[in-house]
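Hydrogens, waters and symmetry mates play no part in the numbers below; they use all other heavy atoms, side chains included. Chain letters run A, B, ... following the sequence lines, proteins first, then strands; residues in each count from 1. Bear in mind that the values here come from a model prediction, so they are computed numbers and not experimental data.
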Protein chains: 2
Amino acid sequence: MPLQTFENLPEDKRQRIIDCAVDEFSQHDYASASISKIVANAGIAKGSLYQYFNDKSDLYSYLLDLVSQTKAEMMAKAFQQEKPLPFFESLLALFSVMANFELQHPKLAKIGYKATSGKSPLPEDLLIKGKHSTIQYFVTLINQGKISGEIISDIDAETAAFIFVSALSEMGNFVSAKSLTDNTIDNTGKPTPAQLSEIERLYQQVIMILKNGIANKG
Amino acid sequence: MPLQTFENLPEDKRQRIIDCAVDEFSQHDYASASISKIVANAGIAKGSLYQYFNDKSDLYSYLLDLVSQTKAEMMAKAFQQEKPLPFFESLLALFSVMANFELQHPKLAKIGYKATSGKSPLPEDLLIKGKHSTIQYFVTLINQGKISGEIISDIDAETAAFIFVSALSEMGNFVSAKSLTDNTIDNTGKPTPAQLSEIERLYQQVIMILKNGIANKG
DNA sequence: CAGTCATATGACTGATTAGTCATATTCTAC
DNA sequence: GTAGAATATGACTAATCAGTCATATGACTG
């Protein structure tokens, strides 16, 4: 965790350091990310950074926390409402949160993606554990769907969960790849209404396919 | 491309160098992969490596070629037969090839995965082009399936293709993650029969879900 | 044996890295 | 104003990196 000195910093300076660190770690994996470049961009002395963080991995942990906290906040907002939703509405809400996270915090999303896709100093078993717990979350959701009768009971929950997680983790890339080819981007960092509706269409289509399949049963 | 001198090398030495380079580039992304470590492991002088390859990126290109050639060979073997298959059988064959590639050449698979998942010196647009062309391949396949009546005609082909590619690219990880938790691994590098049947079950399940969906329509 | 040529070598260069630490500056309290 | 604590600094260390090059080795030729 960062030292107290970092929390004591004036807000703008603290934010500038975070921004520069996020920039660097979103563009390079852990090993290649350069502390020297971060301090140069942030306009502080290297020694100063080591007043705020114990070492490189301490800074990296801080950023990972920032990623998961930001995502968790968006989740909490989306699900703040009442009772458990029907399965496919939960799925829609989840996809929506993930897509919005990608659009509103693309750099944080990249850091998270790098962390889970193998290029981070996280021990291999921790990574696998993380993925496994994400899959388990979906397994639970799917099993609830089976009980409520929304989902075919002899679907393999783990396989279905795997497909969801794959789609979910690649959707961000797909969305941003599509954005790059469109001319609909403004560079304010905020997604345009055109992008938003395009994305909404995308994940509704994805859920449609997962729900009904693509085979013609006529 | 590698220089002629590399092709002239005695087979065992050449293979040792390739093996060490594959080891290094499968464990680290391009920037972090170390030429110094490769030559140390291979037991050759650093100068020697530069007799065989122009520079680091030349060696890397060689490995990427190795990845795509190896995969292409497996594809060719799987599809050497006659006429175009029905859509879902093509899909099954494709999944099968990818899973076998992952199991038989896990290190090459890792290099390929790193190259497409953002951490390589490949220009961004080339990466996107690569992904796009993979998706386009599926789009074509799906559109053929629509014409032949196997696939619902108002499915969005690009969205479906995206789901396939996502599942395909994550399947390798999923398979190897499952292998790690099982006790069924022997360390000869070859997959055990138990693994193979487990994997076959997995991608049959995946195709089942993509085909029919998971919703209960009873 | 001598001459020629392809290959092998590892010390070296200049750049970059994470992290340190003695010194300097700034802030707080009296 | 002044003592003392907290913070800021950047030159420095030791390690590592990709890439170079003068020299050495060894194989083949006449």
(Q) Using a heavy-atom cut-off of 4.0 Å across all strands, would you classify A:K56 as base, sugar-phosphate, or nothing? (A) sugar-phosphate
Q. Do B:F138 and B:F162 have ring centres separated by under 6.0 Å?
A. no
Q: Write down the distance between NE2 (B:H28) and C1' (D:dT16), rounded to a whole number of angstrom.
A: 13 Å
Q.
Taking CE in A:M98 as the centre, count heavy atoms belonging to other residues, nucleotides or ligands within less than 6.0 Å. Is the count above 12?
A. yes
(Q) Base, sugar-phosphate or nothing for B:I38? Non-hydrogen atoms, less than 4.0 Å. (A) nothing
Q. Think A:K114 forms a cation-pi with A:Y30, using NZ or CZ under 6.0 Å from the six-ring centre and within 45 degrees of its axis?
A. no
(Q) Under a 4.0 Å threshold between the charged nitrogen and the carboxylate oxygen, would B:K107 count as salt-bridged to B:D19? (A) no
Q: Classify the nucleic acid contact of A:S48 as base, sugar-phosphate or nothing, counting any heavy atom under 4.0 Å across all strands shown.
A: base
(Q) Tell me whether the side-chain N/O atoms of B:S34 come closer than 4.0 Å to OP1 or OP2 in D:dC17. (A) yes
Q. Atom CZ of B:F53 to atom C1' of D:dA18: distance rounded to whole Å?
A. 15 Å
Q. Can you check the A:L3 CG to D:dA6 C1' distance for me, whole Å?
A. 13 Å
Q | Nucleotide D:dA6, atom P - distance to CD of A:E7 in whole Å | A | 17 Å
Q) Between B:F164 and B:F95, does the ring centroid distance fall short of 6.0 Å? A) no
Q) With distance as the sole criterion, is a donor-acceptor pair present between the side chains of B:Y113 and B:E102 under 3.5 Å? A) no
Q) With a 3.5 Å cut-off and no angle check, do the side chains of B:D23 and B:Q27 form a donor-acceptor pair? A) no
Q | Pairwise 5' ranking along DNA chain C for A:Q51 and B:Q51, keeping only the more 5' one | A | B:Q51
Q: Quickly work out the A:Y52 OH to D:dA8 C1' distance and round it to whole Å.
A: 7 Å
Q. Heavy atoms under 4.0 Å, any strand shown: does A:A33 hit a base, just sugar-phosphate, or nothing?
A. sugar-phosphate
**Q.** B:K37 vs D:dC17: side-chain N/O to OP1/OP2 distance below 4.0 Å
**A.** yes
Q: Quick one: look up who D:dG26 pairs with, Watson-Crick or G-U, both distances under 3.5 Å, and put none if it's unpaired.
A: C:dC5
Q: Would you grab the first and last nucleotide of DNA chain C (5' to 3') that comes under 4.0 Å of any non-hydrogen atom in chain B?
A: C:dT7 to C:dG10
Q: Mind calculating the distance between CG (B:L59) and P (D:dG19) to the nearest angstrom?
A: 10 Å
Q) Should A:N8 be listed as having a side-chain N or O under 4.0 Å from OP1 or OP2 of D:dT7? A) yes
